[in-house]
Amino acid sequence: SSSSSSSSSSRKKNFRKKALDKAEERSLPEIIPRLSDLYHSTAAEQQQVKPPSLVQEDATSGGSSSSSNSNSCNTKKKNEAQWTKSRQREDRNDGGEQTSSSSSLEETNESQSSEPWKASFHSSIRTQGRIKKEFKTFNVGESPNLKAKRILKAFLSTPPTQCNAANVVGALTFSAKALGSRRIEPDEQLRSMLFETLDALYILVDQRLLSTRQLCNACWAIAKHYDRDNTLLPPPPEATYLSSDEALGTAERWDILELPDKMKEQQQRVDETVDEIARQLTTILEESSEELLPGTDAPPLQAKVGEICMTSWAYGKLRPRSTPPGWEIPPQLGKLPNAKSEAAKMAFTTSMITFEQWGSFGSGDKKKKNDYKDDDDQESLPAENVTGRLFDAIGASLCRSPAAMGIVDTKNDGETNNGATVYASTCLETCSWSELANVGWSFASHGRCKSKESQMLLQGLAREASYRLEVGGETMGEFLIRDIAQLLWALGTLQADNFRLADDLVGLVEALSGYLR
């Protein structure tokens, strides 16, 4: 019994000893933390930044008195308030930076997801800025061709998803201005870059994505480049004689075995672009051809007078006349009496084929030579009909009253001003001297004068110029002799085709003689 009691007591001692050892290992801290410290430390851990007040308190903790604890609590509260405000400002700044970065990311995604040549406004502005920067950059000793190539390179190096119609027209316009007014040698690299840019214009014009102003600027830029390099448009087909001696018309010879050429395809697209621009501008001008009166709700003219004059100059350059002044029909090619059999033999031995079009310069029916007398109707080939309609629409638009342009009418028909006859006001009175001369030159270059609209415009040009000379010549600025000379040449050339222009031409000559005295 004594042995069992001693063993049990030894077991109890060992158990107590082990318990005391474990208690020593898990000894409590000397200073028990307060609940407020635990709360603030938890908030700081959530923000992943520790407040400065807690850092200072941890450094100075231990052995502090009650009075120092109260002062440290007040200081701690102030520090915590300042720290909270600074964190709120940082959060707001971080949020703003995140918003701006997200907006820029959205713009990038928008430009990447947009369709070719349909970029957003912001993307187009950035592209236009690069194009304008190249145009304004001046390098000493740089030729006009190099400057034009720099401008087109800035456009072509931009992805199509970041460009729209404004960038295409801007690149063509700025590069045309960079060429200047002097004659320069054509550049093959510049021509290649122009064709690539004009291919983009072809797509935009076909989809009708250009405004009226952009259409006018585009045709002006094409004409300006064509004036420096005439290989932008296809050359006229080879003319040949008609198979009948009694018919009038045109005959063209084509090689049916000729391989397709990339340059010819590009020239054909440019030619189609020029015709399509003419069709769209004709539609725009004809839709607003009704006379507008002050106080009416009718739509105003969609094109400005300067844009219309610029368009007329462009098509006078791109579409010159095929009939010499004073001729009723284009020149006809004759053949030798015995050449018919030789031509028939060549038809079976060569790849050349001849296309003939009879009666294309009259009312549309097949006409004989004697049927063209006293024919005042001006009809032409289908390609020329497109441009002819545009010139008629230009004539009708410029002969409208100034109310169509929002201009107050200051003339009364039939009155006199210092002996000068005053005619009804038209939009021509808002044109400068150079615009009057360019419009007259363009109609003479294309040879449009027999239609009612073109005749009305040419008579209006002569009367407006005569009125300005008779009242002193200072209306719309001082004129240049070359402007009057160009206008006189245009009217003198066209009166050979339309005798009704002769009276106004004589009046302009008399007004100029009186002014020069």
Side-chain angles (χ1 to χ4, degrees), residues 291-294 301 304-310 312-313 316 325 391-392 394-445 448-517:
E291 194 73 20
L292 298 185
L293 298 176
L301 191 63
K304 297 181 180 179
V305 173
E307 297 170 354
I308 296 175
C309 297
M310 183 170 57
S312 67
W313 176 87
F391 274 100
D392 290 344
I394 290 174
S397 299
L398 293 179
C399 289
R400 300 170 68 187
S401 67
M405 307 298 296
I407 304 171
V408 179
D409 191 352
T410 58
K411 291 183 180 180
N412 293 321
D413 194 8
E415 293 184 355
T416 57
N417 184 5
N418 295 331
T421 304
V422 180
Y423 298 97
S425 294
T426 62
C427 291
L428 292 174
E429 69 181 39
T430 64
C431 295
S432 62
W433 279 104
S434 61
E435 288 174 342
L436 292 178
N438 287 332
V439 170
W441 174 87
S442 62
F443 273 75
S445 176
R448 195 72 178 178
C449 65
K450 294 183 180 180
S451 63
K452 180 179 65 175
E453 295 84 359
S454 60
Q455 176 181 322
M456 180 171 56
L457 172 68
L458 294 169
Q459 289 175 342
L461 289 174
R463 293 171 183 177
E464 177 64 25
S466 300
Y467 173 79
R468 294 182 183 185
L469 292 173
E470 289 173 357
V471 297
E474 298 180 356
T475 306
M476 300 301 294
E478 186 177 358
F479 72 93
L480 299 176
I481 296 298
R482 71 178 184 188
D483 295 333
I484 293 295
Q486 189 172 353
L487 192 57
L488 288 172
W489 172 85
L491 294 172
T493 300
L494 293 176
Q495 65 90 27
D497 299 321
N498 188 351
F499 66 92
R500 298 179 180 88
L501 303 175
D503 292 340
D504 294 287
L505 173 61
V506 172
L508 177 59
V509 173
E510 292 177 351
L512 179 61
S513 300
Y515 176 81
L516 295 177
R517 293 195 192 101

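Along the sequence shown, residues are numbered consecutively beginning with 1. Side chains included, hydrogens not; waters and symmetry mates left out as well; all remaining heavy atoms used.
- Shortest non-hydrogen contact noted between A465 and L508 is CB-CD1, 3.7 Å.
- We find the CH2-CG distance between W433 and L487 to be 8.0 Å, quoted to the nearest 0.5 Å.
- A distance of 10.0 Å separates CG of L469 from CD of E464, quoted to the nearest 0.5 Å.
- Applying the side-chain hydrogen bond (donor to acceptor under 3.5 Å, both in side chains) test to E307 and every residue at least two apart in sequence or in another chain returns R213.
- To the nearest 0.5 Å, atoms OG1 (T426) and CE (M456) are separated by 9.5 Å.
- Considering every non-hydrogen atom in both L458 and L491, the closest pair reads O-CD2, 3.8 Å.
- Rounding to the nearest 0.5 Å places CE of M310 at 11.5 Å from CG of N438.
- Of the possible donor and acceptor atoms, none in the side chain of D504 sits under 3.5 Å from a partner among the backbone N and O of A462.
- Looking only at distances, a side-chain donor or acceptor of S445 sits under 3.5 Å from a matching main-chain atom of G316.
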From CA spacing to verdict: side-chain contact (heavy atoms from CB on, under 4.5 Å), V439, L428: CA-CA 10 Å; V439 170; L428 292 174; 5.6 Å; no
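- Summarising the geometry, atom CG belonging to L505 is positioned 6.5 Å from atom CG belonging to L488; distances are rounded to the nearest 0.5 Å.
- Nearest approach of P325 to D497, heavy atoms of both residues: C-OD1, 3.7 Å.
- Nearest heavy-atom pair across R500 and Q459 is O-NE2, 3.5 Å.
- Interatomic distance, CD of E429 versus CG of L398, reported as 12.0 Å (0.5 Å rounding).
- Residues C309 and E435 come closest through the heavy atom pair SG-CB, 4.0 Å.
- Minimum heavy-atom separation, G395 to F443: N-CZ, 4.3 Å.
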